[in-house]
Amino acid sequence: MTSTWADVDDFFTTHLLPADDALSSAMATSVAEGLPPISVTPPQGKLLQLLAQMVGAKRILEIGTLGAYSTIWMARAIPRDGRIVTLEIDAHHADVARRNLERAGVSDRVEVRLGDAAQSLAAMRASGETPFDFVFIDADKKSSDVYFYEALALSHPGTAIVVDNVVRDGKVADAQSDDPDIQGIRRMTERLAKEKRVTATAIQTVGGKSYDGFLLAIVGA
Ligand code: SAH
Ligand code: DHB
Ligand code: MG
């Protein structure tokens with residue numbers, strides 16, 4: 001089925017996603033620099049842009065930058081005086097990301113913060129960082145629950161939080177899984193069940209990147 005899924009992605013990409021030099025060069029540079037091919041797909045990137053537009057986001061937090069492919073999509077959603085803070089642990093990824101953001105003409109709006117995301121988030125919370133309107137969680141999956149709760153602490157009523165890769169070929173349904181990534185996603189979801197401050201759903205997806213899914217949450221009052 002995966003070739004059909006990729007064909008369908010190609011069809012919609014051709015018709016709904018105008019060619020964009022910044023995005024295609026960011027992808028090409030990431031490949032040439034040896035980054036793993038795990039960025040969001042073009043239709044998923046555009047979904048992030050549209051979701052951020054739907055909440056009128058001006059301030060966006062991203063956890064897991066890679067080569068800033070998803071970051072550039074989200075930068076398309078914010079006004080010139082908006083801001084994206086994106087967290088990345090790998091210095092080479094951060095370096096490629098900064099170059100891609102520069103070429104995309106959005107580096108004035110985006111800050112790539114190098115370091116372990118859990119530490120960066122704790123520091124942001126401690127320093128009273130202004131809350132974000134939109135959060136995209138896409139780093140190491142084993143820490144999903146930590147990232148979700150840190151993101152919640154940096155949110156306001158109305159903030160939308162998207163978590164990538166919550167399905168993982170269906171492995172998330174396996175309560176017995178010994179994969180720390182699956183355990184992290186399950187822990188986050190189980191905590192969310194009891195969390196009164198957010199309302200959430202999760203959607204399974206297929207596409208160029210096979211079978212996975214995302215979780216979408218809105219922070220309430
Ligand atoms: N959002 C990107 C893809 C991110 S891939 C896109 O769609 O284009 C996941 C990234 O998270 C990788 O670059 C990886 O180095 C980074 N990462 C992994 N563990 C991390 C951690 N503890 N803190 C911050 N970043 C981390
Ligand atoms: C992986 C990470 C991602 O963010 C993704 O979208 C797909 C795969 C991974 O670490 O395998
Ligand atoms: Mg991902």
Side-chain angles (χ1 to χ4, degrees), residues 2 5 9 20 22-31 33-49 51-52 60-77 84-101 104 106 110-124 134-151 161-172 177 179-185 188 202-216:
T2 47
W5 299 342
D9 260 8
D20 185 309
L23 286 163
S24 38
S25 355
M27 191 59 89
T29 305
S30 299
V31 171
E33 290 288 344
L35 271 52
I38 55 173
S39 59
V40 292
T41 62
Q44 291 169 344
K46 184 126 185 216
L47 175 67
L48 291 173
Q49 177 196 318
L51 289 170
I60 296 180
L61 170 65
E62 178 175 60
I63 306 173
T65 315
L66 194 64
Y69 182 75
S70 52
T71 323
I72 295 170
W73 274 109
M74 294 188 288
R76 302 271 187 261
I84 301 183
V85 177
T86 180
L87 310 179
E88 176 55 55
I89 198 169
D90 184 298
H92 180 55
H93 295 182
D95 178 54
V96 173
R98 288 192 185 103
R99 278 188 274 141
N100 284 336
L101 291 161
V106 294
V110 182
E111 180 191 344
V112 181
R113 219 169 273 182
L114 183 62
D116 174 55
Q119 286 178 21
S120 300
L121 290 161
M124 287 161 84
F134 187 87
V135 183
F136 181 46
I137 300 178
D138 193 23
D140 50 321
K141 317 305 167 190
K142 65 179 185 304
S143 302
S144 301
D145 61 331
V146 174
Y147 297 153
F148 194 96
Y149 273 81
E150 289 291 352
I161 303 176
V162 175
V163 188
D164 197 24
N165 312 114
V166 299
V167 174
R168 299 246 157 186
D169 288 312
K171 294 193 195 81
V172 71
S177 175
D179 177 341
D181 290 345
I182 298 301
Q183 290 175 350
I185 296 160
M188 171 187 70
I203 295 295
Q204 305 182 56
T205 57
V206 296
K209 264 178 77 179
S210 191
Y211 170 39
D212 213 321
F214 61 89
L215 185 140
L216 173 64

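For ligands, and for the atoms within them, numbers begin at 1 and follow the listed sequence. As the structure is a computational prediction, the values presented were derived from the model and not from experiment.
- Residue contacts with ligand 1 for Thr71 are absent, since no atom lies close enough (heavy atoms, distance under 4.0 Å).
- For the Mg ion (ligand 3), protein N, O or S atoms closer than 2.8 Å were enumerated as Asp138 OD1, Asp164 OD2, Asn165 OD1, with waters left out.
- Closer than 4.0 angstrom to ligand 2 sit non-hydrogen atoms from Ile38, Asp138, Lys141, Asp164, Asn165, Arg168, Lys209.
- Residue Glu62 places a heavy atom less than 4.0 Å from ligand 1.
- Looking at Asp164, Asp138, Asn100, it is Asp138 that brings a heavy atom closest to atom 3 (C) of ligand 1.
- Of the protein's heavy atoms, Ile38 CD1, 3.6 Å lies nearest to atom 5 (S) of ligand 1.
- Of all protein heavy atoms, the one lying nearest to atom 12 (C) of ligand 1 is Glu88 OE1, 3.5 Å.
- Nearest protein heavy-atom contact of atom 26 (C) of ligand 1 is Ile89 CG2, 3.5 Å.
- Not a single heavy atom of Gly45 sits less than 4.0 Å from an atom of ligand 1.
- Asp116 OD1, 2.8 Å is the protein heavy atom nearest to atom 22 (N) of ligand 1.
- To the nearest 0.5 angstrom, Thr41 atom OG1 is 8.5 Å from Met27 atom CE.
- Atom 7 (O) of ligand 1 has its closest protein heavy atom at Val40 N, 2.9 Å.
- Taking a cutoff of 4.0 Å between a charged side-chain nitrogen and a carboxylate oxygen, Asp20 and Arg76 qualify as a salt bridge.
- Taking CH2 from Trp73 and CG from Leu47, the interatomic distance works out to 10.5 Å, rounded to the nearest 0.5 Å.
- Side-chain N or O atoms of Arg98 include one that pairs as donor or acceptor with a backbone N or O of Val112 at under 3.5 Å.
- Proximity of Tyr147 to ligand 1, defined as any heavy-atom pair under 4.0 Å, is confined to the side chain (atoms from C-beta onward).
- Protein heavy atom at the shortest distance from atom 18 (C) of ligand 1 is Asp140 N, 3.8 Å.
- Taking the side chain as every heavy atom from C-beta outward, Lys141 and Asp138 approach each other to under 4.5 Å.
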